Amino acid sequence: MGYDMRRTHMCGDLREGHAGEEVALCGWVNTRRDHGGVIFLDLRDRSGLVQLVCNPELSPRAHALAHQARAEYVMACRGEVRLRPPEAVNPALATGKVEVMVRELELLNPAQTPPFEIQEGVTPDESLRLRYRYLDLRRSVMQETLLLRAAVTRTVRSYLDENGFIELETPMLTKSTPEGARDFVVPSRLQPGRFYALPQSPQLFKQLLMVAGFDRYYQVVKCFRDEDLRADRQPEFTQIDMEMSFVDADEVMTTVEGMFSRVFREVRGFEMKTPLPRLTWRRSMELYGDDRPDLRFGMTISELTELFASSESRLFREALGRGESVRGFRLDGVTSPSRKILDELVEFARGLGSAGLIWVVREGDDLRSPLSRHLSEEEKTGIVEGLGLGEGEAGLLLLGTFEETSERLSRLRRHCVERFGMEPRTPWSMVWIVDFPLFEWDEEEGRYKSNHHPFTSPKTEHLDYLEKEPLRVLSDSYDLVINGSEVGGGSIRIHRRDLQERVFRLLGLGEEEAWEKFGFLLEALEYGAPPHGGVAFGLDRLVMLLAGRDNIRDVIAFPKTQSGTDLLTGAPDVLYPQQLGELRLKTI
Ligand code: ASP
């Protein structure tokens, strides 16, 4: 050793302007090409790669070392930057116009042959990638994604700092904070038989920080939810968590829009138009069938129930008699679809549990449809007008309850976007969904459940019928949806004890149980809790969208598999009997 490794430049930063300069570089061997005589090494670091030329005439020692070098060896070098001869320029490489004539080369650490090639365009098998994550993370696409992630948090922090938010930490070893998932728990050694819960979110602590007078809080924080994993879920994930005092929903949303505008400008160069559109939950269900609509595509749902009020057709008469509705949308992206395509869509709708999909195609003054014989002229015109069908355009209709048709039409709509490869109207669509119902009815458990969480405030004007008609009560809540994906949400909170207790009661929490679980909150609400509200965003999902990735594991340095395993360390692991003993635990 003893070699002076102090770098003068990063590999990927060298350009024509550096020609003639003496540089010192460090990094990993990306590739080695031996041209009999001269050896070329591509040296890679975080910034990219640059070509090193090891010529035996310039340095026999460097050349001999280069001869031994293999992929992923860690090397340092010194030499002069020179312009490549024109025929050797590589336009695909940022440093493609230059190369470094190596005078000194040093091997800092050799490497085993990696289990997969670390090369642009090569995507190894995922379990290998997770097992050797430190190698996977060397791949440029992974480096770019994690740098983008850092750019997002940096931008968020600077925006929030400038806007009077204070970054405060909240505990990881705590008591259950319900966000609708199972808790991860940690046994206490000092109090055997007792357990901490890892936070599903810092919800209650951030509210307490408002009671404490901090006014504006934020944190980029890990949250833990023990639920079944999907492509966009991880058991531990990161939230951008915020809370503000003396605000209404509008002020929270405006503050967030400022933050997102900055993130999209800085990270994607996209100018977001603010204020963002706001759709009530009800309207979103009516127009898109779900509460996370992708507004990059059309195909909004129309309700045609009225049109069939006195229909001759038994199908419609019976459905309407059962209180069902007739809803559908115009299929975009294909004109005069073939019978095969339409049959395929009928099959898809059947797969969703619907008895059948009614399709219609406008052909001149008539409608082509399996039902056309049963439709009156008035109904045909009504369908054409209601769905806005142009010549050759198709409409898709479903019968069923509002909930059934919502769910099925929303899935059918998403399916059509993919099936017909529809081009988005804009690269990004952002929309707030507001005014969610405070509760939903849980059939299985036979009780009301919070739509967001139990600390969400009902709309003041709905307080009168909170107990009488709980399902009619709307909350002061908002979700942000980007390109059809919910990236976050929040609400104005309950800041009075009496109201919080009413909501707990409706959720079936007895007085004793409410006190046992949330006594500390109820008490705090009585010591001058200010009106407050906040919001939280899933950082991983946001980065996934911004980076154009479709797997959440690709935006997390050390993620877990679908079964919650960390393939690198082998967690979760068993405990030694001694550890179990200390914790007074027995495994069965
Ligand atoms: N704590 C909520 C969540 O994690 C967000 C919020 O209401 O601020 O979804």
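First listed ligand is number 1; within each ligand, the first listed atom is number 1. We use all heavy atoms of the structure for the numbers below, so side chains are in, but hydrogens, waters and symmetry mates are not. Predicted model, so just to flag it, every value in this text is computed and none were measured.
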Worksheet entry | Candidates V221, T170, L168 - the one meeting side chain to side chain contact (heavy atoms under 4.5 Å, CB included) with D241 | V221
Worksheet item: For ligand 1, is there an atom lying under 4.0 Å from some heavy atom of E486?
Response: no
Worksheet item: Looking at ligand 1, does Q239 have a heavy atom less than 4.0 Å from it?
Response: yes
Between [X] and [Y], is any side-chain donor less than 3.5 angstrom from a side-chain acceptor?
| X | Y | value |
| --- | --- | --- |
| Y217 | E243 | no |
| T426 | R296 | no |
| E467 | Y465 | no |

Ligand-side contact atoms (ligand 1) for residue partner [X], heavy atom cut-off under 4.0 Å:
| X | result |
| --- | --- |
| K206 | 6 (C), 8 (O) |
| G490 | 6 (C), 7 (O) |
| V535 | 8 (O) |

Item to complete: Return yes or no for this condition: an N or O of E243 is under 3.5 Å from an N or O of ligand 1.
Response: no
Worksheet item: Can you find an N or O of Q200 that's nearer than 3.5 Å to an N or O of ligand 1?
Response: no
Under-4.0 Å heavy-atom contact with ligand 1, by part of [X] that carries it:
| X | result |
| --- | --- |
| H453 | side chain |
| S201 | side chain |
| R225 | side chain |
| H452 | neither |

Do other residues, nucleotides or ligands put more than 12 heavy atoms under 6.0 Å from [X] [atom1]?
| X | atom1 | answer |
| --- | --- | --- |
| Y134 | OH | yes |
| D228 | CG | no |
| E162 | CD | yes |
| E418 | CD | no |

Fill in: Ring-face cation of R282 near F402 (centre distance under 6.0 Å, axis angle within 45°)
yes
Worksheet entry | atom 5 (C) of ligand 1 - nearest protein heavy atom and its distance | G489 O, 3.4 Å
Worksheet item: Starting from atom 9 (O) of ligand 1, which protein heavy atom do you reach first, and at what distance in Å?
Response: E179 OE1, 3.6 Å
